[in-house]
Enquirer: 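Got a structure here, written out as structure tokens. Questions coming.
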Amino acid sequence: MHLNYHFLKFLCPALTQKFKGHTIVSCFSQSKDELIIETQIGEEEGWIRAHLMPSQIYYSFPDQFRRAKRNSINLFQEMIGLTIESCEVIPFERSFIFRLNSDKILLFKLHANRSNILFYEENSETPKYIFRNVISEDRDLDWRTLAVELNLSRNRFEELNGNASQFLPTLGKIPRAYLKERAYPEADLETKWQLMEEVIDILDTPLFSLVESQDGIHLSLLPESNALRTFSDPIPALNELFYLALVKGNFEKEKNNLLKSLQDQLKRTVSYLNKSSQKLYELKNSPPPSQLADVVMANLHEFKDGKNEVELLDFYTGKTVKIQLKPQQKPQDFASQLYRKSKNRKLEWEQIEKTIQNKTELKNSLISQIEKLEAVEEFRALKAFKKDEIQEKTLLKSSVSLPFKTFDVEGFPIWVGKSAKDNDEMLRGFVHKDDLWLHARLVPGSHVVIKMKGFKNVPPTVLERAAELAAFYSKHKSESLAPVIYTEAKFVRKVKGSPDGSVKVDKEKVIMVKPTGPDDSISIQR
């Protein structure tokens with residue numbers, strides 16, 4: 001109710017008492033949504049702070065404020081040197097004014113997402129300065145037209161058949177909920193009138209409570225059994241609301257978002273360690289691929305007449321195995337691949353062991369970071385934590401804002417752009433020059449990046465899996481075999497004026513793969 005007329009009618013006399021005779025000595029902004037006004041009378045200083053972000057409309061009147069040395073811009077300079085004469089609420093409106101000397105007016109219009117601050121010269125019908133210029137209708141706003149006349153008589157109430165919203169449209173959400181809890185909609189007219197008088201009497205009592213609900217911290221003029229704090233002075237109530245809802249609320253939101261990101265990464269890391277350990281066990285204890293290659297080479301005659309699919313007896317195990325070749329693939333080539341895979345088998349499990357070691361170190365680091373973050377209690381410590389502890393830039397961004405999907409292949413992060421525009425953003429803001437960049441050849445598709453931080457070389461299996469994703473997220477998706485180009489990210493550049501997602505590539509190589517989307521073998525992270 002801090003934007004409500006019924007609160008403002010108590011606030012404005014208190015502001016008159018606090019600021020009358022004060023001279024405005026500075027007016028500035030340190031962010032596009034916040035206006036700060038400094039006042040002074042003798043040695044005493046005063047501050048007016050209005051935070052008008054559309055989703056967070058709060059204002060306060062602190063006794064002290066420290067202006068930032070950077071990122072600060074002066075505004076409303078013609079107010080400097082003017083004296084505050086009074087503060088007045090506009091009748092039955094969510095607005096109030098500061099009357100300044102020389103008949104100048106500073107209007108605080110508290111219309112939720114359309115809130116604004118406007119400065120008027122003497123006798124002017126339109127404002128000279130507007131804080132939020134995006135609200136175009138305010139350019140022609142005459143503040144005197146905001147006042148509303150309401151007839152709160154019993155006769156008018158009966159004419160409206162007890163319609164609360166029409167009789168007293170300034171009630172607001174909390175008083176309407178109060179009436180609804182007392183069965184106001186179903187009550188007879190006499191009971192409705194009694195309930196309305198009761199609410200009006202309560203709203204005329206200067207008692208201000210801060211309450212917490214699922215939507216956050218709110219100021220209420222109604223009796224609250226579970227109030228966080230209760231005030232008889234509207235200014236301290238407003239200042240405490242500003243701190244709890246905006247300052248502390250934003251801190252807790254940022255901390256919780258970062259904590260969730262770390263906890264999610266820890267969960268994915270533990271899951272990957274479990275899968276990798278299982279894969280390593282199977283790799284060390286399963287028959288080598290060369291045995292299947294031997295079976296194929298011993299049965300080349302079974303592939304006569306171009307057959308691509310046959311069932312053979314595995315003379316190592318005594319069981320029947322099904323062999324399926326790719327289109328145009330010769331059985332000798334398939335066997336050759338298996339021999340190479342068998343030869344590289346020890347290299348593969350050494351790579352998995354190295355990855356498990358790296359992931360174990362990451363797990364321990366994440367556990368330590370989570371413990372440190374849970375102990376952080378204020379913004380300055382949170383800022384220091386992010387600077388000292390968080391190395392990966394993407395953790396500091398909301399997951400919904402990332403321009404790419406993230407997968408994990410054998411410990412290598414694989415990023416896939418979500419759209420043409422996102423491809424550009426990923427390349428511009430997230431990719432390192434030593435990362436490996438992939439794209440389906442000569443067709444539209446997602447940019448794919450293999451993150452190389454901490455790795456010198458990419459295993460062939462990782463390169464092939466990333467290429468399969470690049471082919472899958474492209475116009476080659478339905479092909480049986482597709483060409484994918486790859487090169488280091490430093491050889492990929494955006495040409496000025498080119499369409500979204502279009503780049504110039506140098507020193508690329510080509511790999512042929514089957515387009516394959518995400519599956520259980522890779523863990524999607526975002």
Side-chain angles (χ1 to χ4, degrees), residues 279 289-290 292-293 295-297 299-300 302-312 321-345 347-348 351 404-405 407-410 412-420 423 435-450 457-489 491-492 501-524:
K279 183 177 181 180
S290 59
L292 184 59
V295 172
V296 172
M297 293 301 294
N299 291 276
L300 291 178
E302 296 289 343
F303 295 91
K304 62 183 179 180
D305 300 326
K307 292 175 65 176
N308 288 334
E309 186 176 318
V310 298
E311 290 188 356
L312 303 175
V321 293
K322 184 177 182 181
I323 306 297
Q324 186 171 359
L325 305 179
K326 295 179 180 179
Q328 310 303 319
Q329 187 180 34
K330 296 179 180 180
Q332 296 93 329
D333 294 337
F334 177 69
S336 179
Q337 289 180 358
L338 293 175
Y339 283 127
R340 285 198 303 272
K341 189 173 182 181
S342 186
K343 183 179 179 180
N344 294 328
R345 196 175 198 199
L347 294 176
E348 184 179 355
Q351 175 64 41
F404 49 82
K405 303 171 184 175
F407 302 93
D408 193 303
V409 179
E410 297 182 23
F412 285 79
I414 309 293
W415 293 355
V416 179
K418 295 178 180 178
S419 68
N423 287 336
D435 293 338
L436 205 60
W437 178 91
L438 303 91
H439 196 284
R441 188 169 184 264
L442 299 178
V443 295
S446 292
H447 293 204
V448 175
V449 172
I450 303 175
N457 299 302
V458 57
T461 51
V462 176
L463 176 62
E464 183 175 351
R465 191 66 184 94
E468 290 172 348
L469 290 171
F472 179 81
Y473 289 105
S474 78
K475 291 293 185 179
H476 279 327
K477 180 177 181 179
S478 59
E479 301 293 330
S480 57
L481 206 60
V484 173
I485 62 173
Y486 64 96
T487 187
E488 292 179 2
F491 299 124
V492 182
S502 177
V503 293
K504 184 172 178 58
V505 184
D506 296 321
K507 299 187 179 182
E508 73 270 22
K509 299 177 183 179
V510 179
I511 181 174
M512 300 296 293
V513 294
K514 179 182 179 181
T516 307
D519 54 30
D520 291 339
S521 67
I522 61 178
S523 56
I524 185 166

Enquirer: Please identify each residue that fulfils salt bridge (charged side-chain N to carboxylate O under 4.0 Å, His left out) with E488, with sequence neighbours left out.
Expert: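 Per chain and number, E488 pairs via salt bridge (charged side-chain N to carboxylate O under 4.0 Å, His left out) with K490.
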Enquirer: Would you be so kind as to tabulate the donor-acceptor pairs closer than 3.5 Å made by side chains of residues 325-339, with sequence neighbours excluded?
Expert:
unit_1, atom_1, unit_2, atom_2, d
Q329, OE1, K326, N, 2.9
S336, OG, R340, NH1, 3.1
Y339, OH, D294, OD1, 2.5

Enquirer: Side chains of V409 and I450: does their closest heavy-atom pair fall under 4.5 Å?
Expert: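 No; the side chains remain at least 4.5 Å from each other.
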Enquirer: Let me confirm one number: the CG-NE2 distance from L481 to H476, rounded to the nearest 0.5 Å.
Expert: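 Here the interatomic distance stands at 10.0 Å.
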Enquirer: Spell out, as yes or no, whether a donor-acceptor pair under 3.5 Å connects the side chain of T516 to the backbone of K514.
Expert: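 Side chain of T516 to backbone of K514: a pair is present.
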Enquirer: Test of understanding: with salt bridge (charged side-chain N to carboxylate O under 4.0 Å, His left out), list the residues that count as partners of K504, not counting sequence neighbours.
Expert: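 Once residues adjacent in sequence are excluded, K504 has no partner under the salt bridge (charged side-chain N to carboxylate O under 4.0 Å, His left out) criterion.
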Enquirer: Going by salt bridge (charged side-chain N to carboxylate O under 4.0 Å, His left out), name the residues that satisfy it together with E311, two or more places apart in sequence or in a different chain.
Expert: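 For E311, no residue satisfies salt bridge (charged side-chain N to carboxylate O under 4.0 Å, His left out) once neighbours in sequence are set aside.
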Enquirer: Once salt bridge (charged side-chain N to carboxylate O under 4.0 Å, His left out) is applied, what residue pairs with a partner in residues 467-483 remain, sequence neighbours excluded?
Expert: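 Applying salt bridge (charged side-chain N to carboxylate O under 4.0 Å, His left out) to every pair that reaches into residues 467-483, excluding sequence neighbours, yields R465-E468.
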Enquirer: Tell me which one of P518, P515, S474 satisfies side chain to side chain contact (heavy atoms under 4.5 Å, CB included) with L469.
Expert: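 Going through P518, P515, S474 one by one, the side chain to side chain contact (heavy atoms under 4.5 Å, CB included) with L469 is satisfied by P518 alone.
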Enquirer: Heavy-atom distance under 4.5 Å between the side chains of F303 and I323, does that happen here?
Expert: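 They are in contact (side-chain heavy atoms under 4.5 Å apart), so the answer is yes.
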Enquirer: What's the shortest heavy-atom distance between N423 and K418, and which atoms?
Expert: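 Distance-wise, the nearest heavy atoms are OD1-N, 4.4 Å.
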Enquirer: How many angstroms lie between atom CG of L463 and atom CZ of F412, to the nearest 0.5 angstrom?
Expert: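 Interatomic distance, L463 CG to F412 CZ, rounded to 0.5 Å: 10.5 Å.
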Enquirer: Taking only distance into account, with no hydrogens and no angle test, what donor-acceptor pairs under 3.5 Å do side-chain atoms of residues 436-448 form with protein atoms, sequence neighbours excluded?
Expert:
unit_1, atom_1, unit_2, atom_2, d
W437, NE1, H447, ND1, 3.2
H439, NE2, G445, O, 3.0
S446, OG, G417, O, 2.8
H447, NE2, G501, O, 3.0

Enquirer: Have a look at V416 and tell me which of F404, F472, F407 forms a side chain to side chain contact (heavy atoms under 4.5 Å, CB included) with it.
Expert: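 Only one of F404, F472, F407 forms a side chain to side chain contact (heavy atoms under 4.5 Å, CB included) with V416, namely F407.
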Enquirer: So which atom in K507 and which in T487 form the shortest heavy-atom distance, rounded to 0.1 Å?
Expert: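 Looking at all heavy atoms of both residues, the shortest contact is O-OG1, 3.2 Å.
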Enquirer: Would you call K307-E302 a salt bridge at under 4.0 Å N-O?
Expert: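 Result for this pair is no, no salt bridge flagged.
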